[in-house]
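A short worksheet on the structure shown next.
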2 protein chains.
Amino acid sequence: MPNNHFKRGELYSVINGMASTAVARRLQKNFRQAGLEITIEQWSVLYHLWKEDCLSQQELCNRTFRDKPSITRLIDNLEKQSLVKRMPSKTDRRINLVCLTEPAKNLQQLTIDLANQTMSEALVGVKKEDIDIVKDVFQRVYDNLT
Amino acid sequence: MPNNHFKRGELYSVINGMASTAVARRLQKNFRQAGLEITIEQWSVLYHLWKEDCLSQQELCNRTFRDKPSITRLIDNLEKQSLVKRMPSKTDRRINLVCLTEPAKNLQQLTIDLANQTMSEALVGVKKEDIDIVKDVFQRVYDNLT
DNA sequence: GGCATATAGTTAGTTATGCAACTAAATCAA
DNA sequence: TTGATTTAGTTGCATAACTAACTATATGCC
């Protein structure tokens, strides 16, 4: 079964690098062209806070699929840019609640528009049903491995 | 159309982080458990060299979807571990040909088996047709953006 | 031949990621 | 209540990513 190898390996390449880095690069470029200084990783944190503000760092780990040190440092950088603020939880002193600042709230519409525009460019010629299949496959892969 | 936003955004999350990092982490873990010191990024370079040895760095950029500085440093680290060697091209003095060493050749079977095993774990319950759709969508996304 | 341009690769600086080891606070059990 | 365990978050270290600026060689046009 030597042929099987390379098919699997190529799928691995597909999943790992190719399309996702292309999308990330394009979105980053679109942010920069709009004069925004944030990275897509920082944006992905803000994105979840726009949906629900003042999440704990652990909850941001779960929602962004990142580990705790990554979130610690992303929050560090977002705090340097005054886009979020760590607020100690009143009920559990281990917890930092990460809350949006006013400037961050103002970024929501513009950056989500840019993300939509980027995804639209990326998905030209892709059928809606196929998008749903991709989502399902990725969810399944994630569940299988965690 | 406020609802459209979040659907697109979520697809972006899916493409960007969730499944691919889960697969990468698992494969890295499987490498480590087998006593292999290489990263998956290094492996992805070796993978293309096993298919065709002595590629230029630029050609490795194209095949791995990485930029030139990334490849420069991956090759630096692979060279430190004596897994590849830079050989000056005889016909074009700008070009480094990146060639496998004997130890690297011996890693091929084991690491590809581990990659296959990892992909099999990841793809439990995923239909073959859906895998093909994922590949097609990612190729299309990549082509749309480059 | 000589100059402009394109191509291959490197270097520097910043951000991000993974892992392991750590601190501090909360919880659970004897 | 004390002591073990779990949970939230941070820090240190190594690798990797992108951008921009750089060197060196090759090519193409006059």
Side-chain angles (χ1 to χ4, degrees), chain A residues 16-18 20-33 36-45 55-62 64-81 83-84 86-98 145-146, chain B residues 16-18 20-33 36-45 55-62 64-81 83-84 86-98 145-146:
Chain A
N16 190 47
M18 161 190 163
S20 59
T21 54
V23 175
R25 256 195 296 250
R26 175 65 61 97
L27 182 53
Q28 183 76 72
K29 193 174 130 198
N30 288 348
F31 281 172
R32 219 174 32 250
Q33 281 182 348
L36 300 174
E37 291 295 315
I38 60 173
T39 67
I40 49 162
E41 292 84 1
Q42 294 169 358
W43 177 77
S44 78
V45 171
L55 297 171
S56 70
Q57 295 190 197
Q58 181 57 54
E59 190 52 36
L60 283 170
C61 293
N62 301 338
T64 63
F65 306 104
R66 289 184 165 80
D67 66 355
K68 288 194 291 180
S70 295
I71 287 296
T72 292
R73 275 139 180 157
L74 280 173
I75 304 299
D76 287 347
N77 284 332
L78 284 167
E79 231 177 6
K80 266 189 233 158
Q81 297 177 259
L83 292 172
V84 303
R86 282 180 171 94
M87 316 282 260
S89 162
K90 303 212 154 89
T91 58
D92 185 336
R93 291 196 301 162
R94 293 170 305 178
I95 292 181
N96 290 334
L97 296 175
V98 180
L145 295 183
T146 51
Chain B
N16 190 47
M18 155 191 168
S20 59
T21 54
V23 174
R25 255 195 297 250
R26 175 64 61 97
L27 182 52
Q28 184 75 71
K29 193 174 130 197
N30 288 348
F31 280 172
R32 218 173 34 246
Q33 281 181 348
L36 299 174
E37 291 296 316
I38 59 173
T39 66
I40 48 163
E41 291 84 1
Q42 294 169 359
W43 176 78
S44 78
V45 170
L55 297 171
S56 70
Q57 295 189 197
Q58 181 58 54
E59 191 52 36
L60 284 170
C61 293
N62 301 339
T64 64
F65 308 105
R66 289 184 165 81
D67 66 358
K68 289 194 289 180
S70 297
I71 287 295
T72 292
R73 270 136 185 160
L74 280 173
I75 304 300
D76 287 348
N77 284 332
L78 284 167
E79 231 176 9
K80 267 188 232 159
Q81 297 177 257
L83 292 173
V84 303
R86 283 181 171 93
M87 316 279 260
S89 161
K90 302 211 154 88
T91 57
D92 185 337
R93 291 197 300 162
R94 293 170 305 178
I95 292 180
N96 290 334
L97 296 174
V98 180
L145 294 183
T146 50

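Sequence lines set the chain letters: A, B, ... in the order given, protein chains first and strands last, and positions in each chain run from 1. What's counted below: heavy atoms across the whole structure, side chains too, no hydrogens, waters or symmetry copies.
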Donor-acceptor check, side chain of A:Gln57 to backbone of A:Ile71, threshold 3.5 angstrom: yes or no?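 Judged by distance alone, no pair lies under 3.5 Å.
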Side-chain contact, heavy-atom cut-off 4.5 Å: [X] with [Y]?
X	Y	answer
A:Leu27	A:Trp43	yes
A:Leu60	A:Ile75	yes
A:Ser70	A:Glu41	no

Could you tell me how far apart [X] ([atom1]) and [N] ([atom2]) are, to the nearest whole angstrom?
X	N	atom1	atom2	value
B:Leu60	C:dG9	CG	P	9 Å
A:Phe65	C:dA16	CZ	P	19 Å
B:Leu55	C:dG9	CG	P	11 Å
A:Glu37	C:dA16	CD	P	12 Å
A:Arg32	C:dT14	CZ	C1'	13 Å
B:Met87	C:dG9	CE	P	15 Å
B:Gln58	C:dA6	CD	P	15 Å
A:Lys68	D:dG12	NZ	P	17 Å

Under the salt bridge (Lys or Arg N to Asp or Glu O under 4.0 Å) test, residues paired with A:Asp67 that sit two or more places apart: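 For A:Asp67 there are no salt bridge (Lys or Arg N to Asp or Glu O under 4.0 Å) partners, ignoring immediate neighbours.
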Compare side-chain N and O positions of A:Gln57 against OP1 and OP2 of D:dA8 and report whether any pair is under 4.0 Å apart.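 So the side-chain polar atoms of A:Gln57 never come under 4.0 Å of the phosphate oxygens OP1 or OP2 of D:dA8.
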Would you indicate, yes or no, if D:dT10 has its OP1 or OP2 atom less than 4.0 angstrom from a side-chain nitrogen or oxygen of A:Arg86?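 Checking A:Arg86 against D:dT10: at least one side-chain N or O falls below 4.0 Å of OP1 or OP2.
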Which is it for B:Arg32 and B:Gln28 under the side-chain contact (heavy atoms from CB on, under 4.5 Å) test, yes or no, and what are the steps along the way? CA-CA 6 Å; B:Arg32 218 173 34 246; B:Gln28 184 75 71; 3.9 Å; yes
Scan side-chain atoms only and decide if B:Asn62 and B:Gln58 contain a donor-acceptor pair under the 3.5 Å cut-off.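 Looking only at side-chain atoms, B:Gln58 and B:Asn62 do form a donor-acceptor pair, the distance falling under 3.5 Å.
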Considering heavy-atom distances to DNA chain D, does A:Asp76 or A:Lys29 have its closest nucleotide positioned more toward the 5' end?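 It is A:Asp76, whose closest nucleotide lies nearer the 5' terminus.
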Would you please test B:Glu59 and B:Leu97 for side-chain contact (heavy atoms from CB on, under 4.5 Å) and show each step? CA-CA 9 Å; B:Glu59 191 52 36; B:Leu97 296 174; over 6 Å; no
Return the polar atom pairs (N/O with N/O) between nucleotides 15-17 of chain D and the protein under 3.5 Å, or none.
unit_1 : atom_1 : unit_2  : atom_2 : d
D:dA16 : OP1    : B:Thr39 : OG1    : 2.5
D:dA16 : OP1    : B:Gln42 : NE2    : 3.3
D:dA16 : OP2    : B:Asn77 : ND2    : 2.5
D:dA17 : OP1    : B:Arg66 : NE     : 2.6
D:dA17 : OP1    : B:Arg66 : NH2    : 3.1
D:dA17 : OP2    : B:Arg66 : NE     : 3.4

Can you check nucleotides 24-27 of chain C for protein contacts, nitrogen or oxygen pairs under 3.5 Å, and list what you find?
unit_1 : atom_1 : unit_2  : atom_2 : d
C:dA26 : OP1    : A:Arg93 : N      : 2.9
C:dA26 : O4'    : A:Arg94 : NE     : 3.4

Selection from C:dA20, D:dG9, D:dT19 that lies nearest to any side-chain heavy atom of A:Pro69: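 Nearest to the side chain of A:Pro69 among the choices is C:dA20.
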Check the surroundings of atom CD in B:Glu37: do more than 12 heavy atoms from other residues, nucleotides or ligands lie under 6.0 Å from it?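 For B:Glu37, atom CD is not crowded (no more than 12 foreign heavy atoms under 6.0 Å).
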